[in-house]
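Counting convention: from 1, in listed order, for ligands and their atoms alike. Only a predicted model underlies this, so the values are computations on that prediction, with no experimental measurement involved. Both backbone and side-chain heavy atoms feed into the values below; hydrogens, waters and symmetry mates do not. Start at 1 with the first residue, then count along the sequence.
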Amino acid sequence: MIWNRKNPYLAEIYECQLLSGEKSNREIRHYEIDLGNSKIKYEPGDSLGVIPKNNHELINSMISRLDASSSTIPDGYDSSLFDLLENDYEILTPTNRLIHFINENTLHKKLNDIILRQDKEALAKFKYGKDILDFMNLDKSLKIDLNVFLSLLKPIQHRAYSISSSSLVHPNQIHLTVSTERWSNNSRSYGGVCSTFLSDKCLKGSKIKIFLIPNKLFRLPKDQKKPIIMIGPGTGVAPFMSFLQERKANRSIGKNWLFFGAQTQMNDYLYCDQIKLMKKDNILQKLNLAFSRDQKEKIYVQDKMYDERSEFFQWIENGAFLYVCGDAHKMAKDVDSMLHKIIRSQLDCSYEVSVDYIKNLKKEKRYLLDVY
Ligand SMILES: Cc1cc2nc3c(=O)[nH]c(=O)nc-3n(C[C@H](O)[C@H](O)[C@H](O)COP(=O)(O)OP(=O)(O)OC[C@H]3O[C@@H](n4cnc5c(N)ncnc54)[C@H](O)[C@@H]3O)c2cc1C
Ligand SMILES: NC(=O)c1ccc[n+]([C@@H]2O[C@H](COP(=O)([O-])OP(=O)(O)OC[C@H]3O[C@@H](n4cnc5c(N)ncnc54)[C@H](OP(=O)(O)O)[C@@H]3O)[C@@H](O)[C@H]2O)c1
């Protein structure tokens with residue numbers, strides 16, 4: 001059977017644990033998913049697609065705002081309104097269509113003005129942290145026809161999560177490392193659709209819809225003698241737990257170097273025990289930790305790379321594969337800039353030469369990214 005987005009496998013959550021500490025600013029959980037008789041086979045570097053269900057409280061608030069009833073079957077549909085909002089549509093993040101509909105039917109000076117000026121930056125700022133219900137409530141007197149409303153939503157999307165286990169060590173299981181997204185303003189609390197679905201609804205024994213998302217562009221070197229350097233702050237460490245488990249199980253002789261970063265050592269050092277053990281057992285030959293908030297000045301993974309620039313460059317010259325996983329918006333860009341800087345410093349060369357050097361690394365598929 002081929003499982004995919006349209007035909008997901010219903011898998012059981014075998015285990016879930018909170019990884020982040022009590023005083024962390026983050027809520028990061030480790031999930032173990034049983035692959036049952038799915039025959040799903042994965043490799044380190046692959047991700048798992050999870051199809052979430054929407055939050056019941058939000059669905060009920062939305063139905064009440066629409067002045068509708070949960071059991072209503074909208075014209076042209078086969079399911080109840082509650083079912084449609086739970087399973088079929090994205091009901092958190094507003095689509096552009098919905099924002100334009102609200103704008104055209106609402107007297108809201110700020111939004112009307114932003115859209116009239118086509119000011120994308122101001123719109124992004126206005127949207128930030130607001131969900132569909134907030135937009136509907138910009139004018140509480142606005143009546144919204146149910147079918148029109150549904151036409152303004154987009155179908156529910158799966159979310160991808162990097163797999164943090166190796167099947168050689170955990171046969172028939174997939175592990176994930178997920179940061180639960182929650183935020184609030186003065187009047188409401190919000191939660192990311194899939195991360196809160198997992199943390200709040202998926203207890204041990206629950207079933208979730210999953211499918212494999214292979215990533216051929218983020219693989220361990222075929223030649224197990226090759227050294228690898230892994231840079232993965234925060235949840236970016238996930239695929240590297242899989243890489244390290246796999247390299248250990250295969251008794252690969254290539255050296256392994258991990259750069260991990262988090263806010264504090266006490267509360268945010270994910271998989272601390274396993275990482276320490278791998279260091280002790282010499283699976284990890286080198287480990288650099290950047291706890292950004294344990295001192296006055298921020299320290300990030302790229303600062304640790306620079307501290308180690310000579311050896312870092314030597315590993316690359318010796319054929320190391322370089323992997324970066326985690327935040328795409330800032331971290332991966334800053335790590336990339338640091339890589340240029342390290343190459344410039346070690347080769348005593350111009351920016352252009354470092355660009356060519358990195359282009360070559362990419363061409364040789366030795367600089368691989370899994371960023372989001
Ligand atoms: C290949 C890949 C691998 C990934 N691997 C992992 C992984 O291993 N672990 C992991 O945790 N994630 C991973 N992600 C990210 C993951 O797929 C989801 O994007 C993430 O969990 C958020 O999804 P959600 O459904 O909870 O939130 P959504 O419902 O998608 O909501 C997110 C929205 O909420 C808004 N938002 C979020 N936080 C705030 C805030 N504080 N204030 C205001 N607005 C906010 C954002 O603007 C965003 O539009 C990966 C992504 C990709 C593409
Ligand atoms: N709720 C929020 O306020 C908020 C903010 C950011 C991310 N998130 C979410 O939290 C989840 C976990 O994020 P994450 O896995 O990336 O972990 P994270 O906990 O946000 O970050 C891990 C480490 O990376 C550091 N970092 C921040 N900017 C960096 C940069 N430019 N370069 C290198 N390191 C940098 C962080 O430091 P500092 O945090 O000390 O700067 C922290 O030490 C993500 O899903 C993300 O969307 C939430």
Side-chain angles (χ1 to χ4, degrees), residues 19-20 24-31 45-55 58 89-95 124-125 127-132 134 154 156-165 174-185 188-201 213-215 217-218 231-242 259-265 267-270 289-306 324-338 369-372:
L19 291 178
S20 45
S24 175
N25 290 327
R26 299 276 182 264
E27 182 184 325
I28 299 182
R29 290 175 198 272
H30 170 82
Y31 297 91
D46 289 344
S47 293
L48 190 72
V50 176
I51 300 177
K53 287 176 185 272
N54 283 306
N55 173 283
L58 182 60
Y89 291 106
E90 287 286 334
I91 64 165
L92 186 78
T93 304
T95 58
K125 213 166 154 192
K127 261 169 74 174
Y128 185 72
K130 289 191 180 73
D131 70 354
I132 291 178
D134 288 328
K154 69 172 181 182
I156 201 155
Q157 310 286 307
H158 71 271
R159 270 64 168 174
Y161 295 99
S162 311
I163 295 174
S164 53
S165 53
I174 280 184
H175 297 182
L176 304 179
T177 313
V178 180
S179 170
T180 307
E181 303 288 331
R182 298 188 202 273
W183 65 101
S184 57
N185 60 26
R188 291 187 54 205
S189 300
Y190 307 80
V193 172
C194 194
S195 59
T196 56
F197 163 69
L198 286 168
S199 64
D200 302 350
K201 290 276 172 225
I213 307 176
N215 184 357
L217 302 175
F218 202 74
I231 301 161
T235 51
V237 76
F240 303 140
M241 297 311 292
S242 168
F259 288 84
F260 173 71
Q263 291 186 349
T264 68
Q265 173 149 20
N267 286 290
D268 307 290
Y269 189 171
L270 308 178
L289 301 168
F291 294 108
S292 52
R293 303 194 186 187
D294 277 350
Q295 60 288 304
K296 232 176 177 179
E297 301 284 316
K298 288 256 173 125
I299 298 175
Y300 288 157
V301 281
Q302 59 271 30
D303 301 314
K304 294 287 172 182
M305 284 162 58
Y306 194 69
V324 182
C325 180
D327 170 53
H329 303 284
K330 289 193 191 144
M331 183 277 295
K333 290 180 187 148
D334 294 346
V335 164
D336 186 75
S337 304
M338 182 55 83
L369 306 181
D370 178 21
V371 295
Y372 42 86

Student: To check your reading of the model: name the closest protein heavy atom to atom 29 (O) of ligand 1, its residue, and the distance in Å.
Tutor: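 Looking only at protein heavy atoms, the one closest to atom 29 (O) of ligand 1 is Val193 N, 2.8 Å.
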
Student: Would Arg182 and Ser199 count as a side chain to side chain donor-acceptor pair (under 3.5 Å) here? Give the steps.
Tutor: CA-CA 11 Å; Arg182 298 188 202 273; Ser199 64; 3.3 Å; yes

Student: In sequence, state the C-alpha distance, the side-chain angles, and the governing distance for Arg26 and Thr235, and then conclude on side-chain contact (heavy atoms from CB on, under 4.5 Å).
Tutor: CA-CA 10 Å; Arg26 299 276 182 264; Thr235 51; over 6 Å; no

Student: Checking the N or O distance criterion of under 3.5 Å, is ligand 1 in contact with Cys194?
Tutor: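 Yes, there is a polar N/O contact under 3.5 Å.
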
Student: Nearest to atom 11 (O) of ligand 1 by heavy atom, Ser179, Gly129, Ser184: which?
Tutor: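 Checking each option, the heavy atom nearest atom 11 (O) of ligand 1 is found in Ser179.
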
Student: Within a strict 4.5 Å, meaning less than it, do heavy atoms of the Cys325 and Tyr372 side chains meet?
Tutor: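 Yes; the side chains approach each other to less than 4.5 Å.
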
Student: Return the residue, atom name and 0.1 Å-rounded distance of the protein heavy atom closest to atom 48 (C) of ligand 1.
Tutor: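 Scanning the protein heavy atoms, the shortest distance from atom 48 (C) of ligand 1 goes to Thr93 OG1, 4.7 Å.
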
Student: Tell me the contacting part of Tyr190 for ligand 1: side chain, backbone, both, or neither, using a 4.0 Å heavy-atom threshold, strictly below.
Tutor: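 For Tyr190, there is no contact with ligand 1 at all, from either part.
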
Student: Looking at atom 46 (C) of ligand 1, is any protein heavy atom nearer than 4.0 Å to it?
Tutor: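 Answer no: nothing from the protein, no heavy atom, is under 4.0 Å.
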
Student: Might you work through the side-chain contact (heavy atoms from CB on, under 4.5 Å) test for Ser179 and Tyr161, ending with a clear yes or no?
Tutor: CA-CA 10 Å; Ser179 170; Tyr161 295 99; over 6 Å; no

Student: Return the set of residues passing salt bridge (Lys or Arg N to Asp or Glu O under 4.0 Å) with Asp370 (not counting sequence neighbours), or none when no residue passes.
Tutor: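 Once residues adjacent in sequence are excluded, Asp370 has no partner under the salt bridge (Lys or Arg N to Asp or Glu O under 4.0 Å) criterion.
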
Student: Do me a favour and list the nearest non-hydrogen protein atom to atom 50 (C) of ligand 1 with residue, atom name and distance?
Tutor: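 Closest protein heavy atom to atom 50 (C) of ligand 1: Ala160 O, 3.0 Å.
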
Student: Below 4.5 Å, heavy atoms only, C-beta onward: do Val50 and Val178 meet side chain to side chain?
Tutor: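 Counting from C-beta outward, Val50 and Val178 never come under 4.5 Å.
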
Student: Please state which part of Leu92 comes within less than 4.0 Å of ligand 1, counting heavy atoms only: side chain, backbone, both or neither.
Tutor: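 For Leu92, only side-chain atoms sit under 4.0 Å from ligand 1.
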
Student: My understanding is that we take every heavy atom of each candidate and find the minimum distance to atom 38 (N) of ligand 1. Doing that for Arg182, Arg29, Glu181, which one comes out nearest?
Tutor: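 Looking at heavy atoms only, the winner is Glu181.
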
Student: Kindly confirm or rule out an N or O of Tyr128 lying under 3.5 angstrom from an N or O of ligand 1.
Tutor: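 Such a contact does occur with ligand 1.
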
Student: Check whether any side-chain heavy atom of Val324 sits under 4.5 Å from a side-chain heavy atom of Met331, and report yes or no.
Tutor: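 Yes, side chains in contact.
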
Student: Of the non-hydrogen atoms in Lys304 and Leu289, which two are nearest, and what is the gap between them?
Tutor: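 Minimum heavy-atom contact is CE-O, 3.0 Å.
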
Student: Starting from atom 1 (C) of ligand 1, what is the nearest protein heavy atom, named by residue and atom, and what distance separates them?
Tutor: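 Here the closest protein heavy atom is Asp370 OD1, 3.6 Å.
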
Student: Taking the side chain as every heavy atom from C-beta outward, state whether Lys53 and Lys201 have any atom pair closer than 4.5 Å.
Tutor: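 Not touching, per the 4.5 Å side-chain cut-off.
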
Student: Can you tell me the protein heavy atom closest to atom 26 (O) of ligand 1 and the distance?
Tutor: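 Atom 26 (O) of ligand 1 sits closest to the protein heavy atom Ser195 OG, 2.6 Å.
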
Student: Answer yes or no for atom 32 (C) of ligand 1: protein heavy atom present at a distance under 4.0 Å?
Tutor: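 Given the 4.0 Å cut-off, atom 32 (C) of ligand 1 does not count as touching protein heavy atoms.
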
Student: Does a side-chain heavy-atom distance below 4.5 Å link Arg159 with Val193?
Tutor: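 Arg159 vs Val193: side chains touch.
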
Student: Nearest protein heavy atom to atom 23 (O) of ligand 1, by residue and atom, and its distance?
Tutor: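 Its nearest protein heavy-atom neighbour is Arg159 CG, 3.7 Å.
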
Student: For ligand 2, list all ligand N or O to protein N or O distances below 3.5 Å, rounded to 0.1 Å.
Tutor:
from     : atom 1 : to     : atom 2 : distance (Å)
ligand 2 : 10 (O) : Arg26  : NE     : 3.4
ligand 2 : 15 (O) : Thr235 : N      : 2.7
ligand 2 : 15 (O) : Thr235 : OG1    : 2.9
ligand 2 : 19 (O) : Arg26  : NE     : 2.9
ligand 2 : 20 (O) : Arg26  : NE     : 3.3
ligand 2 : 20 (O) : Arg26  : NH2    : 2.8
ligand 2 : 31 (N) : Asp334 : OD2    : 2.8
ligand 2 : 32 (N) : Gln302 : NE2    : 3.1
ligand 2 : 37 (O) : Ser292 : OG     : 3.0
ligand 2 : 39 (O) : Gln263 : NE2    : 3.0
ligand 2 : 39 (O) : Arg293 : NH2    : 2.9
ligand 2 : 40 (O) : Ser292 : OG     : 2.7
ligand 2 : 40 (O) : Arg293 : NE     : 2.7
ligand 2 : 40 (O) : Arg293 : NH2    : 3.4
ligand 2 : 40 (O) : Lys298 : NZ     : 3.1
ligand 2 : 41 (O) : Lys298 : NZ     : 2.9
ligand 2 : 41 (O) : Tyr300 : OH     : 2.6
ligand 2 : 43 (O) : Ala262 : O      : 3.0
ligand 2 : 43 (O) : Gln263 : N      : 3.3
ligand 2 : 43 (O) : Ser292 : OG     : 2.7
ligand 2 : 45 (O) : Glu181 : OE2    : 2.6
ligand 2 : 47 (O) : Glu181 : OE2    : 3.3

Student: State which residues pass side chain to side chain donor-acceptor pair (under 3.5 Å) with His175; sequence neighbours excluded, sorted by chain then number.
Tutor: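 Scan of His175 (side chain to side chain donor-acceptor pair (under 3.5 Å), adjacent residues dropped) gives Gln173.
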
Student: Working note: Met241 + Thr177, criterion side-chain contact (heavy atoms from CB on, under 4.5 Å); need CA distance, chi angles, decisive distance, verdict.
Tutor: CA-CA 10 Å; Met241 297 311 292; Thr177 313; 5.8 Å; no

Student: What protein heavy atom lies closest to atom 27 (O) of ligand 1? Include the residue and the distance to one decimal.
Tutor: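 Answer, as residue, atom name and distance: Gly192 CA, 3.2 Å.
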
Student: Which residue supplies the protein heavy atom nearest to atom 8 (O) of ligand 1, what is that atom called, and how far is it?
Tutor: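 Looking only at protein heavy atoms, the one closest to atom 8 (O) of ligand 1 is Ser162 N, 3.3 Å.
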
Student: Could you work out, with side chain to side chain donor-acceptor pair (under 3.5 Å) as the rule, every residue matching Tyr190, not counting sequence neighbours?
Tutor: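 Counting only residues at least two positions away or on another chain, Tyr190 forms a side chain to side chain donor-acceptor pair (under 3.5 Å) with Asp134, Asn185.
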
Student: Where the closest heavy atom to atom 40 (C) of ligand 1 is concerned, which of Tyr161, Trp183, Tyr372 has it?
Tutor: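 Considering heavy atoms of Tyr161, Trp183, Tyr372, the nearest to atom 40 (C) of ligand 1 sits in Trp183.
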
Student: Check the pair Ile91 / Leu58 against side-chain contact (heavy atoms from CB on, under 4.5 Å), numbers first and verdict last.
Tutor: CA-CA 8 Å; Ile91 64 165; Leu58 182 60; 3.9 Å; yes

